[in-house]
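Just the heavy atoms: all of them, side chains too, but no hydrogens, waters or symmetry mates, feed the values below. Numbered from 1 within each chain, the chains take letters A, B, ... in sequence-line order.
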There are 2 protein chains.
Amino acid sequence: MAPTKCATCPLRSRPLFKTNTDEEIAFINEMRRGTLKFSAGAQILSQGDDDSDLYTLYSGWAFRFKELEDARRQILNILMPGDFMGFHVSPHTGAPYGIECLTEVEVCVFPKRKLWDLFRNHPGLAYDVTWLTAHEEGIVDDNLLSVGQRSGMERVATIVLAVYKRARQLDLVQDNALDFPLTQQHIADMLGMSLIHTNRVLRRLHRDGVFTLARKKLRVHDTSALRSLAAWAETPVPKRPLI
Amino acid sequence: MAPTKCATCPLRSRPLFKTNTDEEIAFINEMRRGTLKFSAGAQILSQGDDDSDLYTLYSGWAFRFKELEDARRQILNILMPGDFMGFHVSPHTGAPYGIECLTEVEVCVFPKRKLWDLFRNHPGLAYDVTWLTAHEEGIVDDNLLSVGQRSGMERVATIVLAVYKRARQLDLVQDNALDFPLTQQHIADMLGMSLIHTNRVLRRLHRDGVFTLARKKLRVHDTSALRSLAAWAETPVPKRPLI
DNA sequence: CGAGGAATTGACCGCCATCAATCATAGTGG
DNA sequence: CCACTATGATTGATGGCGGTCAATTCCTCG
């Protein structure tokens with residue numbers, strides 16, 4: 001359950017997140033209308049929606065995706081606690097993507113019409129919003145690099161490594177293991193590969209002892225093997241803002 | 001040549017761009033340190049650069065890209081007049097991508113240290129910066145959808161259509177034709193395909209009379225054929241800000 | 001006119017998609 | 001407690017889209 005006060009938000013105390021001034025946190029707290037819960041599989045946002053609020057993912061995992069008419073689906077990036085959602089939605093053009101929950105999800109809700117207040121009176125927070133948007137673009141850049149240039153094996157290694165690092169920053173890793181709610185179909189849709197080929201690649205990495213992925217648990221045994229498999233172009237992440 | 005005053009910027013008068021208040025334009029004008037010229041092939045920004053100013057592309061074409069160690073290159077998006085560059089560069093982590101010119105390019109230069117002034121005193125412009133960042137992410141989303149899910153033929157059709165529409169909005173199209181500075185290698189690197197396969201696909205579309213691409217000139221004959229080939233998921237663009 | 005980049009075409013092949021079937025796991029109702 | 005069902009994972013067989021190697025032609029430009 002999300003706390004009622006942003007000042008005591010347990011996310012914010014993680015070293016991953018930067019600090020804000022008390023005044024800024026007070027404003028966030030006041031702007032926050034409350035929280036919403038979604039169950040696994042529910043859509044926080046559907047492609048084409050012409051109205052949405054702004055959300056910060058508080059707990060759980062989700063993903064952002066686009067679909068073609070014939071139901072081919074590309075997952076654009078994975079959303080984890082601290083990620084900010086909904087800025088792209090315009091009433092004129094509608095949401096260019098959908099967001100679907102992988103687990104039960106809790107989000108903090110911010111009414112979009114207050115965004116102007118935020119930009120007007122809290123330039124530091126406005127900058128944070130921009131930073132979060134730019135950061136998400138960086139993730140998509142990385143995914144595009146993978147899908148466009150890396151082999152199947154490299155893609156899988158890259159995404160596993162990226163998720164693992166992100167999860168560790170969020171303190172979701174214990175004994176090199178974490179809860180991993182993606183199915184192989186999700187991984188396939190994220191990497192632009194067929195489900196079957198994705199399975200074969202996972203199987204191979206499993207057999208080689210790089211990591212194991214079974215029953216929604218990911219266990220990484222050999223990060224250095226992962227790194228070399230990934231043809232890794234490291235994109236470091238400094239402290240990130242939380243809104 | 002860029003005019004010395006932003007108020008008389010010929011870009012701004014295009015219907016593609018939204019209006020700003022006189023005060024905002026005055027601020028942009030004051031923040032602008034001047035212009036820089038690059039020749040075709042020059043890099044405005046190199047992957048890893050730990051310092052850069054902010055730029056608005058005034059004339060010419062460029063592209064944003066990422067490379068792996070072994071020189072595989074993914075072009076992330078094409079940059080055309082009005083595009084904003086450099087926000088992602090942080091002194092701590094360096095530029096996560098490079099920017100290279102396709103033609104001779106002229107950019108307007110804004111010192112990054114004045115960005116705080118902009119956010120503090122001109123929330124409307126701050127919002128514009130965020131919008132531009134978010135919009136670019138939308139383009140990358142589209143490209144990822146293409147590279148991940150579309151066939152070679154569909155990818156080529158999609159990108160040609162997208163460039164054509166963008167060029168038309170910028171008044172670069174006359175008689176269905178425009179100057180098109182990308183080589184087939186660029187298209188290949190953008191679509192995650194080999195040069196040779198890209199050539200074959202282009203050849204086929206050429207033979208079928210959909211468009212012709214020769215001598216740096218793109219001529220589109222059948223946009224509706226393009227649209228159906230692209231399995232198009234239209235992402236409409238409203239008026240965009242210009243900084 | 002020569003040189004070098006870009007485009008084109010052919011031959012060959014492999015990674016990965018597709019089709020199909022089986023197995024594993026978990027949840028449900030009788 | 002055990003069919004029964006649904007979802008997800010796994011494996012085999014086959015084929016095609018698109019990658020790779022190689023050679024030639026075309027353009028552009030000094």
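In this entry the distance linking CG of A/L202 with P of D/dA9 reads 9 Å, nearest Å. Computed from coordinates, the B/E154 CD to D/dC17 C1' distance equals 13 Å when rounded to whole Å. The nearest whole Å value for the distance from the CZ atom in B/R150 to the P atom in C/dC16 is 21 Å. D/dC17 atom C1' lies 16 Å from atom CE of A/M193, rounded to whole Å. What separates CD of B/Q149 from C1' of C/dC16 is a distance of 14 Å, to the nearest Å. One atom, CZ of B/R72, and another, P of D/dG19, lie 13 Å apart when rounded to the nearest Å. One atom, NE2 of B/H186, and another, C1' of C/dA6, lie 11 Å apart when rounded to the nearest Å. Atom pair B/F180:CZ and C/dA7:C1' shows a separation of 14 Å (rounding to whole Å applied).
When each of B/L195 and A/S194 is assigned the nucleotide of DNA chain C bearing its nearest heavy atom, the one mapping closer to the 5' terminus is B/L195.
Looking at B/R200, its side chain comes within 3.5 Å of the base of C/dG10 through a donor and an acceptor atom. Side-chain atoms of A/R215 and base atoms of D/dG8 include no donor and acceptor less than 3.5 Å apart.
Counting non-hydrogen atoms under 4.0 angstrom, A/G192 reaches the backbone sugars and phosphates but no base. Base engagement by B/I196 is indicated by at least one non-hydrogen atom pair under 4.0 Å involving a base atom. The residue B/T183 sits close only to the backbone: its heavy atoms come under 4.0 Å of sugar-phosphate atoms, none of a base.
Residues A/D141 and B/R64 are paired through a salt bridge, judged by an N-O separation under 4.0 Å between the basic side chain and the carboxylate. Between B/D142 and B/R150 there is no salt bridge, since no side-chain N of the basic residue sits under 4.0 Å from a carboxylate O of the acidic one.
Put simply, A/N199 has a side-chain N or O that comes within less than 4.0 Å of OP1 or OP2 on D/dT10. Contact annotation: A/Q184 side-chain N/O to D/dT7 OP1/OP2 distance is not under 4.0 Å. Side-chain N/O atoms of A/R203 include one lying less than 4.0 angstrom from OP1 or OP2 on D/dT11.
Checked by atom type, the side-chain pair A/E136/A/N77 shows a donor-acceptor distance below 3.5 Å.
Side-chain atoms of A/H197 lie closest to C/dA17 of the nucleotides D/dG19, C/dA17, D/dT28.
Ring pair A/H206/A/F211: centre-to-centre distance not below 6.0 Å.
Around CZ of B/R168, the count of heavy atoms belonging to other residues, nucleotides or ligands within 6.0 Å exceeds 12.
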